[in-house]
Amino acid sequence: MDVIPETRYRFRIPRHGPMRVPGIVYSTRELLPEATGDKSLEQVANVATLPGIVTASYAMPDVHWGYGFPIGGVAATDVSAGGVVSPGGVGFDISCGVRLLAAQLDQDQLATALGPLMDTLGHTVPRGLRRGGTWQLADRAQLYDVLLGGARYAVEAGHGVPRDLARCEDAGQVPDAAPGRLSARAIERGLGQLGSLGSGNHFLEVQVVDEVFDEATAAVFGLHRHQVCVMIHTGSRGLGHQVCTDYVRTMDEAMSRYGIRVPDRQLACVPVNSAQGHAYLGAMAAATNFARANRQLLAETARRAFERHTGAGLELVYDVSHNLAMIESHEVDGRWRRLCVHRKGATRALPPHHPDLPADLAATGQPTLIPGTMGTSSYVLAGVTGSPAFHSTCHGAGRVRSRHAAAREVDGHRLRDDLESRGIAVRGTSWRGLAEEAPAAYKDVDAVIDAAEGAGLCRKVARLVPVGVVKG
DNA sequence: ATGTTC
C-alpha cells in the first residue's frame, strides 16, 4: 500500500484501481496501522470504491481492522448522485456510543463510599452476553414506543429528567425510525435487553477529572478538576446486531440489481434512494433509538447507586454515538449537498456555531467523548472550526491485538490485581473478557488524542482517569 | 460488537 506522508498528522493513499477518491489517514508515523501489521488501510482503499463517495475515504488515528469498513473510518456519499448506504459502514453495534455524567461530588468526598458504591453498581448493572436489562417492557407495542422515541420516551416514562434530553445528540431521539423494518428475530432479541451493558469493550466507569486543558469550556460542560464522573459505553445490544446481520444479507442479494460491484462482499451496499436503502435507514434509526434509551436507563441505574451511597446527583454532560450513518448537509466543491455520512468507530464533533448545537453549547462546539481502555485515560474533546472529515474525530484508543491474542497473553486475575493495586476497583463478569480488554491490546490513547488534535479534528478539554470499572 | 457457527 502506497501511503504518502503529507504533514506530520496526515497521510494520503493515492487513487489507484477502482478507487473513486483518495484515502486520507489522520495519524502519526508511529500510530499508522502498517506499523502494527494491521490491514485496515487496504479497507480504507476499498471504501474509496463505493458509488457516490465524495472527497475521500477517511481514517481516524485509532483506525484498525473491521468488518468490511475499517473501525475508525468515515465515508460520505452523495444521496442525489447514486450514493450508497452500507451496514458495514455503521457496524454491528448500531449507535454504540458514550454517555458522561458529572457528579456533584469531588474525589476526596468519595473515598470511603467508593467500595460500597462499586458493590452496588456491580450488583445492579446488568451485563454480559445475552443478559436481560433493567426495564422489562410490557410487550412488543412498548418496544415500538422505545424504537420510535429513544431516550425521549424513556424520560417521558419516568426514567430521567427533561434536562437530560438537552444534552443528548439529536435530543435523544432520531426521526424516521421504522420499527416495522425490523425482523421478528431483532424484535425478540431487543425485548428483554433494555438497560443492559453487554460485553466486549463496553463498560460503566466511575472516573475522576484528572486534568483540565480548557477551564472555560470545561465549566460550560459542567466539569472541573478532581470532580467525580460516570462514563457509560454501550449500544443497541442484540437488536442492533440482528439489524446489521439482516441487512448485510439483504444488500448482498440486491446489490447486483443496481449494477454495484465492490472489492469485498462485506462492503455490501445499495443506493440510499432505493427500497432496501430506505428500509435499512429506517431499521437503523429504530436501533439507534434503542441504544439511546439503553444509555438513558443505565444512567438511571448509576444515579440510584450514587444517591444511595453519596447522596450526590449526576448531571448529564453529553451522550454521543460513534457507529452511525446520518443524512447531513455539507459543502463539497463549493456546493451544498445531502450526504449519507458513515461514521464507524468515529465520533461526530460539531464545530462552534453549528446549527445542530443547542444554544448554550454554540460557543464551545460539541462535547465529544472518547473512552480509553481499562485503567487508562478517557477524554472530553470539543469540535473545532474548519475540521475536515465532515466534522469527525476518533472514538477510542483503537485495538492493536486481537481478542484471541490478548486472551492468550494476558492473565485476567493478574490484570484485576494490577488495577486494584493502582486504586482502581474492578467488578467484572468473566476473566477471559477482562483479559481481552487489557490495555496492552490497545494503542496509547494519549498518543491517539494528540494525533487527533494535531490533525485539526478536535481539541482537548479534559482528561478523566478511572477509579472503578464495571465490565461486561 | 454478538444467542462468538447458516
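Residue numbering restarts at 1 for every chain, and letters A, B, ... go by the order of the sequence lines. Atom set for the values below is all heavy atoms of this structure, side chains included, hydrogens, waters and symmetry mates excluded.
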- Could you check how far CD of A/Glu437 sits from P of B/dT2, rounded to whole Å? 11 Å
- Run through A/Asp62, A/Thr347, A/Asn323 and flag the one making a side-chain hydrogen bond (donor to acceptor under 3.5 Å, both in side chains) with A/His395. A/Asp62
- Query: Between B/dT2 atom P and A/Arg131 atom CZ, what is the distance in whole Å?
  - Reply: 13 Å
- Query: For A/His241 and B/dT4, what is the distance between atoms NE2 and P respectively, to the nearest whole Å?
  - Reply: 8 Å
- Under 4.0 Å between any heavy atoms, over every strand shown, what does A/Gly235 touch: base, sugar-phosphate, or nothing? Just pick one. nothing
- Would you mind telling me which residue lines up with the more 5' stretch of DNA chain B, A/Arg403 or A/Leu129, judged by nearest nucleotide? A/Arg403
- Does a side-chain N or O from A/Ser199 land closer than 4.0 Å to OP1 or OP2 of B/dT2, or not? yes
- Will you find, in the side chains of A/Tyr442 and A/Glu437, an N or O donor that is under 3.5 Å from an N or O acceptor? yes
- Query: Can you check the A/Asp252 CG to B/dC6 P distance for me, whole Å?
  - Reply: 16 Å
- To the nearest angstrom, how far is A/Leu197 atom CG from B/dT2 atom P? 9 Å
- Task: Would you kindly give the CD-to-C1' distance between A/Gln242 and B/dT5, to the nearest whole Å?
- Result: 14 Å
- Message: So A/Gln193, base contact, sugar-phosphate only, or nothing? Heavy-atom distance under 4.0 Å.
- Response: sugar-phosphate
- Query: Looking just at side-chain N and O atoms, do A/Ser196 and A/Arg237 make a donor-acceptor pair shorter than 3.5 Å?
  - Reply: yes
- Between atom CZ in A/Arg130 and atom P in B/dT4, what is the gap in whole Å? 8 Å
- In whole angstrom, give the distance that lies between atom CZ of A/Arg249 and atom C1' of B/dT5. 12 Å
- Please state whether the rings of A/His202 and A/His233 are parallel, tilted or perpendicular, taking 30° and 60° as the class boundaries. perpendicular
- Message: Considering every strand and a 4.0 Å limit on heavy-atom distances, what is the contact class for A/Gly91: base, sugar-phosphate, or nothing?
- Response: nothing
